[in-house]
Peer 1: 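If you scroll down you'll find the structure; I have some questions about it.
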Amino acid sequence: MISPSTTFFRHEPRRNQLVNELWKAQQRDGHITEQTMEALSRDLDISLIEIQGVVSFYHFFHTRPTARHVIYLNNSIISKIKGYERIREALERETGSRFNTKDRTDTFALFETPCIGLSDQEPAALIDFHPFTNLNVMKVREIIAALKDGKEAADICDQPADHIRYLPPNNHTIFFRPYTAGEGLGRAMVLSPGEVIKIVKTSELSGRGGAFYPTWIKWDGCRKQKATPKYVVCNADEGEPGTFKDRVLLDREPGSVLEGMIIAGYAIGAKYGIIYLRAEYRWLLRKLEATIQQFYDQGLLGRAIRGNPDFDFDIRIQLGAGSYVCGEETALLESMEGKRGEPRTKWYFPVERGYLQKPTIINNVETFAAVARMMEMGINNYLNRGIPGSPGTKLISLSGDVRKPGIYEIEWGMTIAELLGHAGAEDPAYIQLSGPSGECVSMNQKHRRISMRDLLSTQDIRCGGSFMVLNRHRDIMTILLNFSEFFLKESCGICTPCRAGNYIIHKKLQKMANGLATQADVEEMRQWCHIMKETSRCGLGKTAYNTPLMAINEFSDYFSEKLEGAGNGMNLKFNMDEAISDYEKYKV
Amino acid sequence: MKNTRSEKRVTITIDGKPYQAAEGRNLVDAAKEAGVFIPSLCYFKHLDPPLGTCRACTCKVNGRNVPACMQRVEEGMAVEVNTPELIDIRKALVEMMFAEGNHFCPSCVKSGNCDLQHMGYELGITHMRFPHLFRDRHTDYQSRRMVLENNRCIKCRRCVEEVFTDQGKRVFMYQNRGIETLVGIDHEQEALLTEAQAEAAMNLCPTGAIVVRGKRVAKPFGLRSFDQQSEQEDYGIRWSANGDRSPREKKMVATVSLAGCFGCHMSLLDIDEEILDLVDLVEFHKSPLTDIKRFTQRCDLGIVEGGCCNTENIETLREFRENCDILVAVGECAIWGGLPAMRNTIPLGECLEEAFINAQTNDEGEGRVPYHEDLPKLLNRVYACNEIVKIDYLIPGCPPSASHLWKVIRNILWGEEFSVLYHEFKYD
Ligand SMILES: Cc1cc2nc3c(=O)[nH]c(=O)nc-3n(C[C@H](O)[C@H](O)[C@H](O)COP(=O)(O)O)c2cc1C
Ligand code: SF4
Ligand code: SF4
Ligand code: SF4
């Protein structure tokens with residue numbers, strides 16, 4: 001039996017282990033040394049520059065010495081409104097270090113990182129990859145004092161609460177029903193793989209990672225592929241700022257996720273499952289490994305599952321290393337192969353050539369959990385929930401200016417207003433659905449129903465899993481700049497429009513924030529965003545500037561105040577004093 | 001790609017016209033065979049899957065915008081190539097590459113043989129709609145044989161995917177991510193390449209980013225790969241400007257050289273005996289050619305050479321805008337900064353100290369940065385003219401050729417018809 005852990009399947013090439021090897025070295029040495037890279041280059045028989053390319057791609061890998069404790073403070077917009085600045089100052093004061101470097105005693109190194117999936121308990125930070133939530137100045141002082149005292153972060157960290165705030169009435173919950181391991185799988189395995197897929201089709205389940213692609217089409221496509229072995233990949237990268245539903249599922253119901261993967265394996269004829277877990281969730285690793293072990297012990301994983309001699313299935317976990325774009329399914333495959341997380345082209349689809357160029361399905365954590373639950377509860381029961389066209393329920397991560405941030409399992413069809421009501425939203429004005437790459441709406445849209453219907457509908461609105469609620473005291477430009485900085489840092493850089501476009505448009509937004517933009521700038525921005533959207537290779541570039549464009553329409557009053565009157569055509573904005581300020585330093 | 005006779009031919013439409021093409025053929029190639037020009041920079045026929053990085057071949061296929069290099073020809077495929085929107089998008093992508101890197105064509109070994117530059121000509125790019133980023137990019141001189149000029153790299157990925165040592169190891173690899181992405185070169189592996197392999201690497205790079213020491217393009221101006229011939233048969237027609245010829249009344253013209261080298265002015269005079277005709281048509285007012293120092297009357301046309309590197313340039317340029325009906329920026333320096341803008345990637349202080357304080361010809365401790373109230377003050381960077389005032393027309397070239405210059409000027413002043421010839425529209 002293969003041990004249920006992060007160790008590789010025996011047939012996987014050594015080259016794929018690069019990211020794991022780098023993690024090991026970094027944990028040992030505090031950073032990745034030249035010697036490590038040279039040794040790996042010899043060992044894996046690849047050139048040094050290739051290894052450096054991988055190391056420099058992921059933001060959790062350091063090539064300069066860090067310190068005994070490495071602290072990552074989340075800089076997402078939610079963290080910002082919950083007191084990021086105070087915590088940042090407190091951390092610098094208490095540790096004696098500055099951000100992006102370490103203190104003189106090599107005890108603390110401080111860094112920022114994008115959303116760590118704890119938006120319901122911000123400000124939050126990872127210390128040595130252990131979670132510390134609901135930070136305040138006092139708490140920071142205590143934590144740092146304890147660490148200075150020689151305590152380990154593992155011993156004093158928080159156990160993040162799941163904060164499940166709302167379940168649909170009439171016992172309509174799907175994800176948080178009582179769970180018995182193997183029940184869904186048992187029901188699935190009396191059916192043929194084709195029948196399992198038919199049930200998934202009937203359920204109208206579509207990608208819960210946010211793209212809403214019909215799950216059954218992927219599965220069916222993969223089932224028909226001849227090449228073997230096939231792979232089932234669970235996308236637990238959850239990088240979209242403000243989203244934390246997968247974290248809660250993995251923490252509360254890890255079994256249902258594994259079971260969904262096994263059912264998928266049965267349906268498509270795969271033998272191997274891999275969970276790609278973002279490094280920010282490393283603190284969930286132990287629990288996941290324990291659950292996998294349990295599954296092996298109960299004969300739900302391993303050889304001849306549930307007595308079916310033709311069905312073997314193993315699951316291992318692959319850890320990411322800090323990169324949002326690795327949540328994009330083909331970038332995720334690259335990353336799993338130990339490479340830079342650059343999305344592939346659409347020349348081949350993963351169901352044809354995925355992991356190691358073999359047929360692969362990639363689904364979100366919630367998608368797998370939904371499959372396991374629908375098998376167990378029966379499809380008719382499942383279809384009883386939600387609204388026509390959108391059966392079932394949806395997990396929503398809700399955060400921001402609300403009294404009760406946390407997870408809301410809603411039946412499809414709930415309106416924005418209802419949801420905000422349940423959450424105790426305080427003076428809401430700006431709502432970001434599905435994260436920065438999603439949509440923003442004002443309260444004018446509060447009547448819209450949350451469903452999986454067409455994006456263009458005015459009655460409905462899609463939601464990939466997060467709701468960030470911001471009240472009317474929050475500055476919209478600050479929000480947009482926070483998002484655009486995120487994309488700027490997270491673009492993989494492989495295609496022109498996203499690599500350069502993100503930077504260029506970010507500058508435009510800054511100009512706007514500084515009150516220097518004119519209507520002409522807005523027009524230019526519209527066109528440039530359009531170019532990025534139409535020509536970028538992957539979803540990151542295609543969606544990065546949806547939000548600013550929507551915001552300009554949705555909050556037009558705000559923006560007209562932000563704009564300068566158009567220049568007189570002759571002297572465009574040019575500040576001579578500023579332009580000669582460098583030279584003036586040489587005045588004698 | 002194989003071109004066997006057994007290939008199935010299918011019908012596709014490009015901009016509404018039906019064409020026969022081989023099924024499964026890459027759309028970039030199929031279009032080329034059909035005589036339809038689609039720009040591309042990263043595309044390499046033999047790579048499977050194609051690289052799909054530059055996106056400059058974006059077209060509409062069956063209603064969706066996609067890079068043509070990512071499409072295999074299928075029966076009934078409806079392709080749109082030359083709609084105004086698509087033409088503009090592709091142009092914008094190439095402009096983005098110019099804006100993102102630091103491309104000083106007149107000082108680049110690849111100039112005249114550079115695919116990027118050539119695409120600029122083909123697409124009629126006179127200027128970048130995007131601000132130049134002027135980011136300081138790493139140039140790696142450490143390899144024995146090659147220089148890697150990241151200022152010129154467009155991250156097409158050809159070198160990463162194509163250049164291997166005989167032992168099968170990569171020589172090039174991307175480093176970092178996002179806007180910081182650059183190509184790294186493995187010095188140890190580079191040393192293992194044969195002379196021929198190294199040269200092949202230089203040649204596969206569509207820009208002047210990979211340079212093999214001592215290898216220069218030996219061909220003189222006029223005979224380089226992209227000096228004469230457009231890929232588009234209708235190039236001249238496409239960029240022609242026609243107008244109604246108004247009576248040729250005499251026009252008043254002013255000229256100035258700001259942060260330029262007077263090269264454009266020299267070019268202006270380089271029209272041999274034609275200049276005699278011109279004297280009847282234009283009169284020069286304030287200009288280095290006449291040595292008139294002040295505007296005493298309004299001018300029909302102002303010709304500006306050079307960008308703005310100091311306060312005096314700014315004042316002069318503003319004065320030109322105030323006194324001229326039409327303002328034309330002539331040459332690369334006026335359009336976006338040109339060679340003087342090479343300093344833009346370096347902080348001014350560093351430049352000044354290097355030049356005046358740490359210069360080798362200075363005696364220890366003797367150097368100082370000149371500063372006097374009467375001297376124009378240096379700006380923190382070199383600015384393009386249209387960053388300071390509104391510019392009506394831009395004529396690229398370093399310098400633009402005399403005949404081209406005057407054709408454009410005649411068109412502007414009297415609406416004379418002309419068409420831009422490929423060999424006249426140049427950045428170097
Ligand atoms: C930039 C980017 C980031 C993404 N991040 C995630 C992610 O963190 N988790 C996820 O499940 N899907 C993510 N996706 C969507 C995946 O590409 C893919 O659609 C999804 O994993 C498929 O699973 P599903 O069909 O079950 O949703 C991302 C997509 C893009 C373009
Ligand atoms: S859109 Fe951005 S993230 Fe996606 S492939 Fe292009 S550069 Fe990479
Ligand atoms: S010739 Fe090509 S690579 Fe060289 S500077 Fe010009 S555009 Fe850039
Ligand atoms: S160095 Fe040349 S071949 Fe390599 S990515 Fe840059 S432009 Fe392309």
Side-chain angles (χ1 to χ4, degrees), chain A residues 45-54 56-59 323 325 340-342 344-348 487-504 507 524 527-528 530-531 534-537 567 569-572 574 576 578-588, chain B residues 48-56 58 65-67 70 89 92-93 96-97 99-100 129-131 133 154-155 157 165 169-181 184-186 188-189 311 314 318 321-322 347-349 352 368-369 371 377-381 383 386-390:
Chain A
D45 202 26
I46 51 181
S47 54
L48 183 61
I49 199 76
E50 198 166 337
I51 295 186
Q52 289 166 342
V54 173
S56 60
F57 186 86
Y58 297 97
H59 62 243
S323 159
V325 72
R340 294 164 58 82
E342 291 158 349
R344 297 177 181 173
T345 61
K346 304 274 178 294
W347 196 246
Y348 299 109
F487 290 121
L488 178 65
K489 293 218 176 93
E490 296 297 331
S491 157
C492 84
I494 206 177
C495 70
T496 314
C498 168
R499 181 183 62 240
N502 262 313
Y503 186 83
I504 291 167
K507 290 263 161 201
E524 267 183 348
Q527 287 165 11
W528 299 356
H530 177 71
I531 292 166
E534 293 301 320
T535 61
S536 288
R537 180 193 267 200
M570 197 181 84
N571 292 308
L572 304 177
F574 172 74
M576 184 99 93
E578 201 182 303
I580 59 173
S581 61
D582 286 350
Y583 183 67
E584 289 292 356
K585 291 184 195 135
Y586 294 91
K587 186 167 179 173
V588 275
Chain B
D48 176 71
L51 297 171
T53 56
C54 79
R55 323 302 279 181
T58 298
N65 285 334
V66 286
M70 285 293 141
I89 283 184
L93 287 166
M96 230 181 238
M97 293 175 206
E100 187 195 8
R129 71 189 73 183
F130 309 107
L133 306 189
I154 55 168
K155 287 96 184 171
R157 206 181 171 86
T165 62
K169 291 197 185 170
R170 282 185 209 278
V171 179
F172 299 97
M173 189 66 191
Y174 284 175
Q175 307 291 308
N176 309 329
R177 71 184 187 211
I179 191 75
E180 306 290 346
T181 308
I185 177 167
D186 193 309
E188 200 178 309
Q189 303 302 325
T311 46
I314 303 268
R318 286 178 171 162
R321 181 71 271 182
E322 274 163 25
L348 178 67
L352 288 173
R368 72 189 178 81
V369 175
Y371 186 100
K377 297 195 169 81
L378 285 178
L379 308 177
N380 54 352
R381 65 175 176 86
Y383 290 80
N386 67 4
E387 289 181 272
I388 311 298
V389 301
K390 180 165 171 285

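All values derive from a computational prediction rather than experimental measurement. Every chain is numbered from 1 and lettered A, B, ... according to where its sequence line falls, protein lines coming before strand lines. Both backbone and side-chain heavy atoms feed into the values below; hydrogens, waters and symmetry mates do not.
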Peer 1: Between A/Ser536, A/Cys498, A/Ala500, A/Pro497, who has the most heavy-atom pairs with chain B when the cutoff is under 4.5 Å?
Peer 2: A/Pro497
Peer 1: Counting only heavy atoms not in A/Glu524, do more than 12 fall under 6.0 Å of its CD?
Peer 2: yes
Peer 1: To check you understand the geometry: which heavy-atom pair defines the closest contact between B/Thr181 and A/Cys492, and what is its length?
Peer 2: OG1-O, 3.6 Å
Peer 1: Measure distances from B/Ile314 to the heavy atoms of chain A and classify the residue's part below 4.5 Å as side chain, backbone, both or neither.
Peer 2: side chain
Peer 1: Which of the residues B/Arg129, B/Arg170, B/Gln175 is involved in the greatest number of heavy-atom pairs with chain A at under 4.5 angstrom?
Peer 2: B/Gln175
Peer 1: With a 4.5 angstrom heavy-atom cut-off, could you sort out which part of A/Ile46 is near chain B: side chain, backbone, both or neither?
Peer 2: backbone
Peer 1: If we define contacts as heavy-atom pairs under 4.5 Å, which of A/Arg344, A/His59, A/Lys507, A/Arg340 has the most with chain B?
Peer 2: A/Arg340
Peer 1: Output the distance between atom OH (A/Tyr583) and atom CG (B/Asn380), rounded to the nearest 0.5 Å.
Peer 2: 13.5 Å
Peer 1: By a 4.5 Å heavy-atom criterion (distance strictly below it), what part of B/Phe172 contacts chain A: side chain, backbone, both, or neither?
Peer 2: backbone
Peer 1: Quick one: does A/Ser56's side chain have a donor or acceptor within less than 3.5 Å of a partner on B/Asn176's backbone?
Peer 2: yes
Peer 1: Do you know which of B/Ile89, B/Val369, B/Val66 has the most heavy-atom pairs with chain A at a distance under 4.5 angstrom?
Peer 2: B/Val369
Peer 1: For chain B, which of A/Ser491, A/Gly501, A/Gly493, A/Ala579 has the most heavy-atom pairs under 4.5 Å?
Peer 2: A/Ala579
Peer 1: For B/Pro347, give me all partners under side chain to side chain contact (heavy atoms under 4.5 Å, CB included), at least two apart in sequence or on another chain.
Peer 2: B/Glu350
Peer 1: For A/Arg499 and B/Ile179, work out which heavy atoms get closest and say how close.
Peer 2: O-CD1, 3.5 Å
Peer 1: If you look at every heavy atom in B/Asp186 and A/Ile49, which pair is closest and at what distance?
Peer 2: OD2-N, 3.0 Å
Peer 1: Heavy-atom pairs under 4.5 Å with chain B - which of A/Thr496, A/Ile580, A/Asn502, A/Leu488 has more of them than the others?
Peer 2: A/Thr496
Peer 1: Does B/Arg177 use its side chain to pair, donor to acceptor, with the backbone of A/Lys489 at less than 3.5 Å?
Peer 2: yes
Peer 1: Given heavy-atom pairs under 4.5 angstrom as the criterion, report whether the side chain, backbone, both or neither of B/Thr311 touches chain A.
Peer 2: both
Peer 1: Taking all non-hydrogen atoms of both residues into account, name the closest pair between B/Gly52 and A/Thr345 and its distance.
Peer 2: CA-CG2, 4.4 Å
Peer 1: What part of B/Thr53 is in contact with chain A, defined as an atom under 4.5 angstrom from a non-hydrogen atom: side chain, backbone, both or neither?
Peer 2: both
Peer 1: Is B/Leu378 close to chain A through its backbone or its side chain, or both, or neither, when contacts mean heavy atoms under 4.5 Å?
Peer 2: both
Peer 1: What heavy-atom pair brings B/Tyr371 and A/Tyr586 nearest, and what distance separates the two atoms?
Peer 2: CB-O, 3.6 Å
Peer 1: Between A/Glu584 and B/Lys377, is the salt bridge (charged side-chain N to carboxylate O under 4.0 Å, His left out) condition met? List the steps.
Peer 2: CA-CA 8 Å; A/Glu584 289 292 356; B/Lys377 297 195 169 81; 3.7 Å; yes
Peer 1: Enter the distance from B/Ile388:CD1 to A/Met576:CE here, rounded to the nearest 0.5 Å.
Peer 2: 8.0 Å
Peer 1: Tell me, for A/Phe487 versus chain B, whether the close heavy atoms (under 4.5 Å) come from the side chain, the backbone, both or neither.
Peer 2: neither
Peer 1: Where on B/Pro49 is there a heavy atom nearer than 4.5 Å to chain A: the side chain, the backbone, both, or neither?
Peer 2: both
Peer 1: Can you tell which part of A/Gln527 gets under 4.5 Å to a heavy atom of chain B, answering side chain, backbone, both or neither?
Peer 2: neither
Peer 1: Looking at chain B, which one of A/Ile504, A/Asp582, A/Ile494 has the largest number of heavy-atom pairs inside 4.5 Å, strictly under?
Peer 2: A/Ile494
Peer 1: For B/Arg157, which atoms come within 4.5 Å of any heavy atom of chain A: side chain, backbone, both, or neither?
Peer 2: side chain
Peer 1: Under a 4.5 Å cutoff for heavy-atom pairs, which residue among B/Ala56, B/Pro67, B/Gly184, B/Ala99 has the most contacts with chain A?
Peer 2: B/Gly184
Peer 1: What are the two closest heavy atoms between B/Asn65 and A/Glu534, and how far apart are they?
Peer 2: ND2-OE1, 2.7 Å
Peer 1: Picking from A/Lys585, A/Glu578, A/Glu490, which has the most non-hydrogen pairs under 4.5 angstrom with chain B?
Peer 2: A/Glu490
Peer 1: Quick one: list whatever passes side chain to side chain contact (heavy atoms under 4.5 Å, CB included) with B/Thr165, sequence neighbours left out.
Peer 2: B/Gln167, B/Lys169, B/Val171, B/Gln189, B/Leu192, B/Leu193
Peer 1: Given heavy-atom pairs under 4.5 angstrom as the criterion, report whether the side chain, backbone, both or neither of A/Phe57 touches chain B.
Peer 2: both
